[in-house]
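To start, the structure itself, in structure tokens.
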Amino acid sequence: MDTSFESNVASRSQVGVQDFILLEDYRSEPAFLENLRKRYNESLIYTYIGSVLVSVNPYKDVGIFTTQHMKNYYRANLYEQPPHIYAIIDNAYRFMLNEGQDQCILISGESGAGKTEASKKILEYIAEVSAHTRGKDIRDMLLNSNPILEAFGNARTTRNDNSSRFGKYMDVEFDHMGAPVGGKILNYLLEKSRVVHQLSGERNFHIFYQILSGTSDEKLKSLRLQRNPQNYYYTKQGDADVIKGKSDSSDYSELMKAFQILKFSDKDVESVISVVAAIIHLGEINFKRDDEEEDKIIITKQDSLVNVADLIQCTEIKLTQALTHRTVDVRNDKTLTPLTIDQAYYARDALAKAIYSRLFTWLVENVNASIVRKDTDSKSVLGLLDIYGFEVFEVNSFEQFCINYCNEKLHQLFINLILKSEQEEYENEGIEWETVDFFNNKEICSLLDERHHGIYAVLDEQCLRPGNVTDSDFLDALKDKHGDHKYFISQKISKANSKLLKTLKQQNFRIKHYAGDVDYDVKGFVDKNNDLLYRNLKETIMESPNPVLRNAYKESEINSLKRPATAGTHFKTSVEELLSILCSKLPSYIRCIKPNNDKRPNKFNTQVVSHQVKYLALLENLRVRRAGFAYRRQFEFFLTRYKCLCPQTWPVWKGEDKDGVEVLCKHLYPTEEYKLGKTKVFLRNPKMLFDAEDKFQVKKNYIATVIQSKYRMYTKRKEYLRIIAAVNIIANNWRRVAAIRLRERRKRAVQAIKKFIKGFITRNGPLSDDNKQFIQYARISFLETAARNLPKTVLDKSWIKAPTALVEASELLRDMHMQYMVRKYVKNITPQRKDQLNLKLKASEFFKGKKLNYPESVSCPFVPSRLIYASFVTKYDRHGYKPRGRIFVYKLYITVTNKVDGLVLLTLPVIDKKDKGDLILSSEHVIEFVMMLARAAQKFDVLTISDSAS
Ligand SMILES: Nc1ncnc2c1ncn2[C@@H]1O[C@H](COP(=O)(O)OP(=O)(O)OP(=O)(O)O)[C@@H](O)[C@H]1O
């Protein structure tokens with residue numbers, strides 16, 4: 001929203017105003033010039049007057065024609081970027097594509113103001129922005145038509161080193177995608193007199209110097225030319241053949257390349273070069289009176305004539321005759337009359353001009369043949385008019401008259417279109433049209449071109465008169481017809497005014513053009529209007545096989561008794577045709593201004609510019625544009641931009657836009673300062689807009705903060721909602737995944753269980769797919785359970801129950817484990833313990849199943865500390881010796897009952913009578929006691945178990 005005309009308003013004070021409409025003192029010429037100057041000094045060469053672009057030639061590179069600049073202006077609104085020619089062309093190009101309305105861009109300004117450069121920039125822009133589309137060939141051809149037309153149609157003048165000496169209108173046709181698909185060039189009034197005559201400091205057309213400088217030595221030799229232009233009459237008159245910063249030879253190379261791109265054949269190019277060379281040689285032909293025949297003339301430089309004849313491929317005799325004689329047709333009786341020397345020179349120059357003019361027409365026709373649209377897929381047309389500006393010289397001739405007439409007509413078109421569009425806008429908007437004070441040049445146009453009365457008509461009338469008509473006759477006829485016209489001044493009229501008498505020459509007449517007064521010298525008007533080329537010369541040209549000249553004149557035309565249209569009428573008609581072409585299109589204007597007459601950068605000559613501002617009618621243009629209202633805008637746009645300045649419309653206006661704008665305007669301006677149309681609001685004074693814009697700029701910061709915070713909130717909230725949505729999606733997905741997994745798990749579990757059950761059912765059967773897994777599981781499970789529940793001692797006889805399929809393995813395992821336990825036990829057993837165990841074993845032999853309380857004792861280990869020594873009997877051995885260190889029980893019987901008691905009967909043999917007999921003892925550990933005792937006695941056969949009853 002900020003990149004618009006209105007934002008440019010905000011920066012208006014930086015370097016003047018970018019649009020003259022915003023100029024406070026818009027009626028003041030000094031204010032206008034000052035704005036131009038200020039901007040020019042800052043290298044700001046473009047300024048708008050509404051949609052008209054005013055361009056001041058910088059004569060230097062201002063660095064604003066880069067590809068990046070083109071990109072900046074591409075699809076940008078007119079006011080989005082600083083004023084620029086790209087903005088104008090982009091606007092027209094887009095309008096053409098979007099609305100299908102043909103466009104034309106009218107570039108005007110005086111010589112050297114930058115028209116040709118502007119038209120090149122336009123073509124470059126079109127080529128760039130349509131580069132993505134098809135039509136590369138056409139783009140290249142359109143761009144390369146320039147070097148060709150410039151070489152043959154441009155020349156150095158005192159005002160411009162590269163002055164276009166013809167008017168050019170180019171149509172570029174586009175398809176619906178915006179790709180250029182074809183084009184057509186129309187050329188107007190080539191200044192052909194330049195071929196034979198140049199003023200001091202000027203040159204002939206560039207092509208003459210390009211050929212002399214750029215062709216190879218060999219080629220030059222074949223053309224029988226020397227390099228130095230000073231050697232030839234037609235190229236040396238201005239004595240200014242070297243142009244600073246311009247290379248004719250490299251221009252020649254560029255020209256040859258352009259010929260190739262535009263598909264000129266080598267033969268065609270050769271023919272063109274030959275024709276130009278022939279013209280150079282033609283200028284060398286001189287005449288003198290024949291010494292033998294007084295009334296005859298002869299050619300002095302015969303070799304030049306031979307060169308011309310060779311180059312245009314005609315016979316020398318025919319050419320000689322055509323240059324020195326003319327055929328006079330009196331009642332179908334054709335006689336050959338010798339020319340006077342003057343007539344011969346006239347004929348020579350006329351031939352040179354005719355050939356060159358024909359060459360130029362042929363070139364344009366051939367360029368057109370190359371760029372003509374080949375298919376029918378053309379949607380719209382963009383026309384480009386680069387036409388000579390208003391010309392005022394020391395001596396103004398027929399050419400200036402024509403050029404200024406064309407400008408007069410274009411100016412009228414400009415006024416009509418600009419006024420018309422303004423008027424239409426007011427009418428469409430239902431706003432009363434306020435009369436604009438502007439100069440209408442309608443009367444001047446009528447003075448020049450009115451049927452039967454205008455100056456062209458008078459000239460034609462004189463030219464048609466039989467007999468020898470002079471330029472003075474023409475002037476007299478003019479004085480008679482227009483002597484009292486408001487815009488025509490001649491000596492007859494000026495008699496009364498002595499001041500005028502001094503300034504206006506006898507053979508001159510003055511036209512008060514819209515752009516200023518111009519004095520025209522009548523000399524040459526009749527001849528130039530007749531544009532006569534003697535019949536013999538025409539016939540000579542026609543006979544040439546050179547493709548350029550071959551069809552220059554039609555047989556019917558030569559034999560026709562009807563006079564061909566005069567040059568003036570021809571030009572007038574082509575201007576009318578041009579105007580009707582322009583009228584059928586929507587125009588955009590580029591008004592070019594030359595800042596000084598020295599072709600120098602950084603020099604703004606107010607006087608020079610002031611003159612152009614006047615003749616381009618820029619102030620008038622501004623006045624029309626400002627008539628009544630300086631500023632207008634669609635309601636919607638205006639309300640959107642400025643609604644923040646009124647509490648009732650801010651932040652949201654709920655009603656119609658128009659009502660909102662009314663409320664807003666009431667709040668901002670006095671009633672007389674604005675008007676509401678049907679779709680637009682009109683502000684009378686730019687100051688009103690400036691005020692609103694300044695307030696808006698201040699308010700903008702506040703709004704920006706609000707917008708920023710709202711935006712941040714909005715983005716954060718959006719982000720938050722996005723995260724929440726994402727979380728929900730993830731959660732849903734996760735739940736779904738979890739459910740799927742659970743289902744899968746259950747499914748697997750069901751299958752496993754099924755398989756398990758099947759396996760279980762068939763576990764005792766042979767190994768099969770059904771029970772393989774179960775058995776495997778049972779094995780593992782059994783082994784794991786067995787591992788956890790292994791017996792810890794050798795006495796522990798427990799063992800888990802094995803599944804049927806594993807019974808055998810289980811038993812083996814059990815045995816192995818027992819062996820392992822036993823081995824381990826045995827490995828860890830002490831000698832004492834072993835002894836005890838042996839004793840226990842012995843006890844088992846004796847008591848197992850024999851004494852009732854024996855089983856109780858089995859688990860109770862024998863304890864050595866409870867060892868009982870038989871100390872009560874000491875016996876000697878049978879040899880009567882007392883055994884050393886040991887109890888020796890000589891004869892002992894031990895008896896226990898078979899009951900559950902601890903009684904022990906010790907029966908000792910009586911060695912000594914005094915010794916008592918049997919001994920009954922009681923022990924809690926009766927088995928242990930008995931066994932220990934028996935071992936102590938080293939006799940186990942002393943043990944007996946008796947029935948308790950005995
Ligand atoms: N935009 C520009 N930037 C830099 N130099 C420029 C620009 N426009 C014009 N010039 C300079 O001014 C010279 C004259 O410009 P140009 O030939 O376009 O004028 P013109 O109006 O076409 O003149 P004429 O009517 O004589 O053909 C150019 O050769 C170039 O040196």
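Both ligands and their constituent atoms are indexed starting at 1 by order of listing.
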(request) Check the side chains of Ser164 and Lys115 for a donor-acceptor pair under 3.5 angstrom, ignoring hydrogens and angles. (result)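 No donor-acceptor contact under 3.5 Å links the two side chains.
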
(message) Residue by residue, ordered by chain and number, which ones reach under 4.0 Å of ligand 1 with a heavy atom?
(response)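 Contacting ligand 1 under 4.0 Å are Asn57, Pro58, Tyr59, Lys60, Phe65, Glu110, Ser111, Gly112, Ala113, Gly114, Lys115, Thr116, Glu117, Asn160, Asn162, Ser163, Ser164.
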
(request) Not counting sequence neighbours, which residues clear side chain to side chain contact (heavy atoms under 4.5 Å, CB included) with Leu586? List them please. (result)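 Counting only residues at least two positions away or on another chain, Leu586 forms a side chain to side chain contact (heavy atoms under 4.5 Å, CB included) with Phe95, Gln101, Gln103.
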
(message) For Ser200, give me all partners under side chain to side chain contact (heavy atoms under 4.5 Å, CB included), at least two apart in sequence or on another chain.
(response)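 Here no residue qualifies.
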
(message) Strictly below 4.0 Å, N to O, side chains only: are Lys121 and Glu117 in salt-bridge contact?
(response)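 A salt bridge links Lys121 with Glu117.
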
(request) Please determine if Asp598 and Lys603 form a salt bridge, counting it only when a charged side-chain N lies under 4.0 Å from a carboxylate O. (result)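 Salt bridge flag = yes for Lys603 with Asp598.
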
(message) Tell me every residue that passes salt bridge (charged side-chain N to carboxylate O under 4.0 Å, His left out) with Asp90, counting only those two or more places apart in sequence or in another chain.
(response)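 Testing Asp90 for salt bridge (charged side-chain N to carboxylate O under 4.0 Å, His left out), a comparison that skips the adjacent residues, returns Arg94.
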
